[in-house]
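Worksheet: the structure to be examined is printed underneath.
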Amino acid sequence: MDKAISIVLGGINAAHSKEQMPAEVQKRDPLHFGDHQVKVLKAYIDGMHAPKFTTYVGRDVENFNSRREALDSGKQLTSGQIRAITKTMKNAIRHFEHYLSKDYIEPNYDLNETTNEEVKEFVAGAMEEVAADINRLKALKKR
């Protein structure tokens with residue numbers, strides 16, 4: 001699967017603003033939307049697993065090795081930790097909301113059918129991860 005993602009990411013040549021909503025990108029540039037979607041989801045996964053999420057100090061503050069570890073810990077996080085995780089999730093959440101919308105059209109990621117199917121599986125798995133993370137974040141904010 002990593003090879004399929006690399007193939008798709010290697011072909012990206014369209015630049016899109018981080019502030020553009022996914023529906024706008026898909027409507028304006030449907031040919032490259034799939035590439036953009038994969039790029040955003042890969043950046044999200046990498047960002048959640050990035051090390052050095054240990055910038056918070058205090059007697060009662062636990063530091064974690066990554067945003068993923070912090071969110072999966074089930075422990076109460078500081079407002080700063082929650083903000084950092086939310087910021088990392090921002091673009092992925094936008095893509096998740098579009099993915100669930102009636103306007104979403106599943107893109108063709110690659111002309112090679114095997115690669116295309118592998119990337120579809122990656123996107124579906126990433127969307128499930130975003131959904132689970134949204135629920136974890138909501139639970140943390142309720143505490």
Consider only side-chain heavy atoms of I, L, V, M, F, W and Y, link residues closer than 4.5 Å, and tell whether Val40 and Ile134 are in one cluster. no
Min side-chain heavy-atom separation Ile82-Gln76 under 4.5 Å: yes
So, Glu24 and Lys27, do they make that salt bridge, N to O below 4.0 Å? no
Contacts of type salt bridge (Lys or Arg N to Asp or Glu O under 4.0 Å), residue Asp103, not counting sequence neighbours: none
Residues in side chain to side chain donor-acceptor pair (under 3.5 Å) with Glu69, at least two apart? Asn65
What distance separates Glu113 CD from Asn108 CG, expressed to the nearest 0.5 Å? 7.5 Å
His98 side, atom NE2; Gln37 side, atom CD - distance, nearest 0.5 Å: 7.5 Å
Mind checking what makes side chain to side chain donor-acceptor pair (under 3.5 Å) contact with Glu128, not counting sequence neighbours? none
Could you tell me which residues satisfy ring-ring contact (aromatic ring centres under 6.0 Å, His included) with Tyr99, sequence neighbours excluded, listed by chain and number? Tyr104
Tell me every residue that passes salt bridge (Lys or Arg N to Asp or Glu O under 4.0 Å) with Arg83, counting only those two or more places apart in sequence or in another chain. none
Applying side chain to side chain donor-acceptor pair (under 3.5 Å), can you list everything that pairs with Asn135, at least two apart in sequence or on another chain? none
Do NZ/NE/NH1/NH2 and the carboxylate oxygens of Lys39 and Asp35 come within less than 4.0 Å? no
Restricting to side chain to side chain contact (heavy atoms under 4.5 Å, CB included), what partner residues turn up for Glu97, sequence neighbours left out? Ile93
Mind checking whether Val38 and Phe122 have side chains closer than 4.5 Å, heavy atoms only? yes
